[in-house]
Amino acid sequence: MQVVWDEVHFAGFVNGYLTGSYFFDIHPPLGKLALAASATLGGYDGKTSWATIGNPLPEESVPLLFLRGLPALQGTLTVPLVYLTA
């Protein structure tokens with residue numbers, strides 16, 4: 001597996017939350033906090049570099065199901081939620 005598109009940014013924010021590092025972001029933190037919570041549940045420690053698109057990821061230390069699964073689940077559930085509330 002390798003780093004794709006927005007993981008460069010969002011995984012960097014998750015790393016910041018999990019390691020307590022300071023970072024600045026102009027957007028509200030709810031989505032990034034949800035990703036950090038999901039990563040914590042998966043056992044991610046926040047020490048993997050996500051610096052460049054295409055870099056390989058060490059699969060044994062990065063729980064991709066938790067990091068990529070939450071956004072996929074949220075996107076999937078958005079369709080019925082919008083249908084039910086419209």
Side-chain angles (χ1 to χ4, degrees):
M1 295 298 225
Q2 59 187 357
V3 177
V4 296
W5 192 242
D6 275 350
E7 287 176 343
V8 170
H9 306 290
F10 286 94
F13 294 132
V14 168
N15 286 350
Y17 282 121
L18 296 182
T19 61
S21 302
Y22 177 79
F23 63 88
F24 178 76
D25 184 23
I26 61 170
H27 301 289
L30 180 61
K32 291 174 268 295
L33 285 170
L35 284 172
S38 177
T40 300
L41 288 174
Y44 180 61
D45 61 5
K47 296 180 180 166
T48 302
S49 174
W50 300 78
T52 306
I53 294 172
N55 279 358
L57 293 172
E59 293 184 34
E60 64 278 352
S61 66
V62 179
L64 291 176
L65 176 64
F66 287 89
L67 289 169
R68 292 179 177 169
L70 179 67
L73 179 64
Q74 289 174 331
T76 302
L77 294 177
T78 299
V79 174
L81 179 66
V82 168
Y83 175 78
L84 293 172
T85 59

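Nothing here was measured: the structure is a model prediction, and the numbers come from that model. Starting from 1, each residue takes its place in the sequence as its number.
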request  = Report the hydrophobic cluster partners of Val79, with the cluster defined as I, L, V, M, F, W, Y residues connected by side-chain heavy atoms closer than 4.5 angstrom, directly or transitively.
outcome  =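 Its cluster mates, by chain and number: none.
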Which pairs would a plain distance check flag for residues 66-75, meaning a side-chain donor or acceptor within less than 3.5 Å of a matching protein atom at least two apart in sequence or in another chain?
from  : atom 1 : to   : atom 2 : distance (Å)
Arg68 : NE     : Glu7 : OE2    : 2.5
Arg68 : NH2    : Gln2 : O      : 2.9
Arg68 : NH2    : Glu7 : OE1    : 3.1
Arg68 : NH2    : Glu7 : OE2    : 3.2

request  = May I ask you to check whether over 12 heavy atoms, not counting those of Leu77, lie within 6.0 Å of atom CG?
outcome  =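 Atom CG in Leu77 is crowded, with more than 12 foreign heavy atoms closer than 6.0 Å.
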task = Would you indicate whether Tyr83, at its atom OH, is surrounded by more than 12 heavy atoms from other residues, nucleotides or ligands within a distance under 6.0 Å?
result =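 Count not over threshold, so no.
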ask   = Same cluster or not: are Leu84 and Val82 linked, directly or through other Ile, Leu, Val, Met, Phe, Trp or Tyr residues, by side-chain heavy atoms under 4.5 angstrom apart?
value =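 As far as the 4.5 Å side-chain criterion goes, Val82 and Leu84 are not connected within one cluster.
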task = Decide whether Leu18 and Leu64 are clustered together by the hydrophobic rule: side chain heavy atoms of Ile, Leu, Val, Met, Phe, Trp, Tyr closer than 4.5 Å, transitively.
result =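 Leu18 clusters together with Leu64.
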task = Start with the C-alpha distance between Leu81 and Thr78, add both sets of side-chain angles, then the distance that settles side chain to side chain contact (heavy atoms under 4.5 Å, CB included), and finish with yes or no.
result = CA-CA 5 Å; Leu81 179 66; Thr78 299; 5.6 Å; no
Sub-4.5 Å side-chain heavy-atom contact between Leu57 and Thr48 =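 Of all side-chain heavy-atom pairs linking Thr48 with Leu57, at least one is under 4.5 Å.
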side-chain hydrogen bond (donor to acceptor under 3.5 Å, both in side chains) involving [X] - partner list, sequence neighbours excluded:
{"X": "Tyr44", "value": "Asn15, Trp50"}
{"X": "Thr40", "value": "none"}
{"X": "Thr85", "value": "none"}

inquiry  = The criterion is salt bridge (charged side-chain N to carboxylate O under 4.0 Å, His left out); which residues satisfy it with Asp25, sequence neighbours excluded?
reply    =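 For Asp25 the salt bridge (charged side-chain N to carboxylate O under 4.0 Å, His left out) partners, ignoring immediate neighbours, are Lys32.
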query = If you take all heavy atoms of Ser21 and Thr19, which pair is closest and at what distance?
reply =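 Minimum heavy-atom contact is OG-OG1, 2.9 Å.
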ask   = When rounded to the nearest 0.5 angstrom, what is the spacing between CZ in Phe10 and CG in Leu35?
value =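 Output value for this atom pair is 7.5 Å.
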key: Derivation and outcome, side chain to side chain contact (heavy atoms under 4.5 Å, CB included), residues Ile53 and Val4   = CA-CA 5 Å; Ile53 294 172; Val4 296; 5.7 Å; no
